[in-house]
Structure formats: structure tokens, C-alpha cells
Amino acid sequence: MTKTNNFYITTPIYYPSAKPHMGHAYSSIVADVFARFNRLDGKDVFYLTGTDEHGLKIQRAAEKNNLSPKEFCNKISKTFKDLTKTLNLSNDDFIRTTENRHHKSVEAIWNKLVKSGDIYLSKYSGWYSVSDEAYYDENEIEERDGTKCAKLSGSKVDWVEEESFFFKLSKWGPLLLKHYEKNPNFILPTSRKNEVVEFVKSGLKDLSVSRTSFKWGIPVPNSKDHIVYVWLDALVNYLSALNFPDEKDKLYKKFWPASVHIIGKDILRFHAIYWPAFLLAAKLPLPHRIYGHGWILSGEKKMSKSLGNILDPLEIIKKFGIDPLRYYLIKEVSLGNDGNVSMENLKNCINNDLANNFGNLCQRVFTFLEKNYSNKIPKVSLSNKKDKEIIEKTINSLPNLVKLMQKQELNLYIRHVVDLSFEANKYFNDMQPWSLKKSDPNRMDQILYTITNQIKNITILLSPIIPETSEKILKILNIKSVKLSDINNDKVLNFNKPLNNISILFKKIDEQ
Ligand code: MSP
């Protein structure tokens, strides 16, 4: 992973062809957790998301809505931008491919590809899916109910014949394979890497990178009848947000190459084959990693606009708040695999882990401090073996937790944090400080000090996942901001100031 102190993470840019759904929310929340974790770990982070606004798919969606493509994109892109607030994303920028800065970058990349001799004019004839904005070979399509469809996505394909510029993708196969081999973590999880390697080994064909049959896109420099293929256009967003082609720009110098592109597995080929090939041809450094997450399923099917089986994240947030949704998606969906989501699972997960466990522990400890310590945290130094054990275990697990997050092992990370919180709960129950009020008040002080310190530690570890609630807990504790290293630092606890008012941290979900 990146050796510098800079960390650049991106989400896919979303098609504003309809309103955002759970799949989009998932990609963005996952990227946000990594962005927040890296900031917590002292990195200088740039987190990018945005919308992918060109192409026939968008042009058609606009026509359906009786709007010009630009008007349509302005409208839907805004719902994606609003979603960044609703999901509590910490993105540093929101890029739209209809912006001038992006237009400039795409032209610059195109010119570089022409200059390197990687572009030639020919004629494309083959299958194209507008829904996927992708070309397919004969062996990648099948007939379903009399309609030709892409095997992979199931979306309808049409036969297309038009003059087109081609990118010499075939030439880059051997170099790509070398890159995958030399950088075993370039594509994660490994199962996805294997898929890509197999595909590249089977031989790459040159890629059609311009269209002439419609107009909604960026014109090819000096060939205005052609517009740039929407995927070449879209991928460049990762550079345009850093003010490329100005390679002297502060953002570009600091953050390119990207540390990790978070994407869904359906768009792996574009990111793990086309994108590095374009960059190699343009003589630009390659991103450090492409992470392809699985799909959110609803009743065993991919949740998607085209399938119409959408579980609305906004409704869930309205009912329960954003943190329960973030926590649920991160904890219960295994990042590299597909995951089924349901109301029943959401309820169990939130009630077990948050309401009945960590939330309950916080409430009990804070109430105990209020009643017995005039709302202040007792200051002692650790001497008891049990107390030391629980705090030191957390401190000692830090290097491993950082490593897990650097490899996007999000589920192992959160499992570890949940274990810590169950152990903290058990510690508080076993120690029974309430029984020591008279017999051993010094021991009671030690227990309260230890458990409050541990609540602070667990809150720090949970903060990338549930930022809003973590902020509430830290506010109760009079802590303004934290770093990962504050886990090994009890000085951030304010022993002289009374705790702030306790608010409800996690509501129990009693939905049927
Ligand atoms: N515009 C392209 C991406 C260009 S990036 C240079 C695109 N857009 S999309 O809106 O169709 O999808 C964006 C992301 O959402 C993809 O990573 C996709 O995998 C993800 N999801 C869409 N539906 C999904 C699920 N049901 N589950 C999880 N993520 C899925 O592709």
C-alpha cells in the first residue's frame, strides 16, 4: 500500500439515470469508512465521489423524462450529491463528468493516447449493451426469451455498426499480466484478481473508444463527429478531480496515484484492465489498488434500477438514522462477497451489537458516574491485572487493526471491535462495581476509570463506521477530536469536567 502519508480513495461515479439505491449507498459508505479510518490514523486523505453523466443510457433516460440531458443530469446528480450528506460521507470533492475541468482532462488523456500511437480509426461491428455501456463478444451473449442478452449482467444487447476509434488494448495484455504478478494486491480480493488474470490471458481485443450514433458526450479532439466512449470518459474522473493535466498541481502531485479505487464487482473489467491499460499508454502511474466488492442482494438478486427490486436506503435512514444503516452494511455484508439484506437482519444486528451491547454499556456507565461520582471520571493509575489486561489488549491489537484496514479486511476489523465491546460489557458485569460502594471504593474507582477509558477506545475504533454516534459519545466525555493513537492515551479524558448530558445513543428496533 501507499508508503507516503497521503491516501486517495474513490468510489465509482454513479450514473444519474435514476435515484440512488442501496448498492450505491454501499459503495460510498465502504469508501467513507476507509477514508475516515485513514484520517484517524493521521493520513492526509482525499476522498472522491461523483456522477457519470454522459452516454446513450443517460441520453435515453433524459428523453423519457422530457428533459435535455443536461437538465436531467443536474436534477438527478443533485440527489446523489444530497445523498453524500444523508449518508454522512466525508468526501472532499464531488465530481461531475459534465464539468469543464473533467472535459479538459479527458481531452488531455485522449491526446496522450493518440501521441503514443495507441488510437486508430476503423469500424466497429458487434454487440453493445446500453444498460451496461459495454461491448460484448459473441461468446459473451445468450438468448433469453427471444432477446439477445449479455450473459454476465443479463442486460439486452443491440447489434452496432459504426465508424469508431479503437484503443490498442491487445498490445497491453502482457504488460498488464506482469503488473498483476508483480503487485499481488493490485486487485483484491484475490478471487477477483484470478478472474481478471484468466480473462487477460485468454487474449485482449482492441477496444472501441468512440461513438458516432449519438451526441451526448465529450467530442473527440479534432474529430467532432465522434464522442469519447463513456467508460474512457468516466474513468478519467479520478484524475480530473486532481486537476490533471496540470501535473504540477498540488492535488495531483500529492494524491496521484490513487491508493484504492473501491468498486462493485460488475465494473471490475473496466477498472482492472481498461483503466491500467489507458494509464500505461498515457505513461501515467497506475493506482495502487482496485477493490471489487460484492453485490447487495435482495431476495438473492442484485438490487438494481433495471431489476426494480430496490430497498430504499433513505427510508431506512428516516426510520432508524444513518448509523444503524452504516453499521449494518459494514458488519453483516462480507466486503468481498455478495450479501443479502433484510429488515429482520438489520433489526437483529442493531439490537444485539449496538442497542443491547455497546449502547447499553455506555448508558449504564455514564449513569453510574452521574449517580456516584458527581458526573466525573475518577482518575487512577492502572494497577489491577484485569484492568490492565482489557486496556492493553486493545492497545496491542492496534497494529493488527491498522494492517487489516490497509488490506480492506473490514469484516475482520469490525469483528475484532465487536469482541472488544462484548468483553467490556462482560468486564463491567463481572466486576460489579455497584457492590463495592461501601466495601472497597478504591477498587470501584479503578473499575470506573478502566471501563470509561475502554468506552473511549471502542468509540475511537467505531468512529469510522458510526461517526454520528461516536461523536455523541465523545461529546458526553468532553472529547472534541481523537486520533487512533489516543487509544494509548488517557489524557484525552477530562477528569475535572463533569460529563455532558446523556442522550439516547442507539434506539432498539422493534419493527416486525
Ligand atoms: N458509472 C459507472 C461507474 C463508473 S466509475 C468510473 C457505474 N455506475 S452505477 O451507478 O451503475 O454503479 C455504480 C456502483 O454501484 C458500482 O460499483 C456498482 O457495483 C454499485 N452497485 C450498483 N448496484 C449494486 C448492488 N446491488 N450492490 C452493490 N453494489 C452495486 O457502474
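Excluded from the calculations below are hydrogen atoms, water molecules and symmetry mates; all remaining heavy atoms, backbone and side chain alike, are included. Both counts, for ligands and for their atoms, begin at 1 and track the order of listing.
- Between Arg36 and Asp32 there is a salt bridge, with a side-chain nitrogen of the basic residue lying less than 4.0 Å from a carboxylate oxygen of the acidic one.
- The N/O atoms of Gly294, backbone and side chain alike, include none that comes under 3.5 Å of an N/O atom in ligand 1.
- Counting heavy atoms of neighbouring residues, nucleotides and ligands inside a 6.0 Å radius, atom NZ of Lys81 does not exceed 12 of them.
- No hydrogens or angles considered: a donor-acceptor pair under 3.5 Å links the side chains of Glu53 and Thr98.
- Side-chain atoms of Ser342 and Glu344 include no donor-acceptor pair closer than 3.5 Å.
- Heavy atoms of Tyr238 approach ligand 1 to within less than 4.0 angstrom.
- When Asp338, Val341, Ile267 are checked for heavy-atom proximity to atom 31 (O) of ligand 1, Ile267 turns out nearest.
- In summary, the atoms of ligand 1 found under 4.0 Å from a heavy atom of Ile296, numbered by their order in the structure, are 25 (C), 26 (N), 27 (N), 28 (C).
- Of all atoms in ligand 1, numbered sequentially from 1 with element shown, those under 4.0 Å from a heavy atom of Asp52 are 1 (N), 2 (C), 4 (C).
- Atoms of ligand 1 lying under 4.0 Å from any heavy atom of Gly264, numbered from 1 in the order shown and given with element: 17 (O), 19 (O).
- Remark: among candidates Gly23, Ser131, Pro16, the nearest residue to atom 21 (N) of ligand 1 is Gly23, based on non-hydrogen atoms.
- Here the options are Asp52, Asn74, Asn237, the test is side chain to side chain donor-acceptor pair (under 3.5 Å), and the partner is Arg96; only Asn74 passes.
- Assignment of His271 to the shell around ligand 1 is supported, since a heavy atom sits closer than 4.0 Å.
- Within ligand 1, the atoms closer than 4.0 Å to a non-hydrogen atom of Ser27 are 15 (O), 17 (O), 20 (C), numbered from 1 in the order shown.
- Remark: ligand 1 atoms within the under-4.0 Å shell around heavy atoms of Trp231 are 2 (C), 3 (C), 4 (C), 5 (S), 6 (C).
- Looking at Pro12 against ligand 1, both its backbone and its side chain come within 4.0 Å, counting heavy atoms.
- Those atoms of ligand 1 that come under 4.0 Å of a heavy atom in His24, given as number and element, are 10 (O), 15 (O).
- Side-chain N/O atoms of Ser129 and Ser131 include no donor and acceptor closer than 3.5 Å.
- With Asp118 as the fixed residue, the salt bridge (charged side-chain N to carboxylate O under 4.0 Å, His left out) test singles out one of Lys171, Lys112, Lys168: Lys171.
- Using a distance-only test at 3.5 Å, with no hydrogens or angles considered, no donor-acceptor pair links the side chain of Asp233 to the main chain of Tyr229.
- Electrostatic pairing of Glu143 and Lys148 counts as a salt bridge here, judged by a charged N lying under 4.0 Å from a carboxylate O.
- For Met22, no heavy-atom contact with ligand 1 is shorter than 4.0 Å.
- Atoms of ligand 1 lying under 4.0 Å from any heavy atom of Ala234, numbered from 1 in the order shown and given with element: 6 (C).
- Only the side chain of His293 comes within 4.0 Å of ligand 1, counting heavy atoms alone; its backbone N, CA, C and O stay farther away.
- Using a 4.0 Å cut-off between heavy atoms, Phe270 makes no contact with ligand 1 at all.
- Close N/O approach between Tyr15 and ligand 1 is found [any backbone or side-chain N/O within under 3.5 Å].
- Annotation for Lys115: atom NZ does not count as buried by contact number, only 12 or fewer foreign heavy atoms lying within 6.0 Å.
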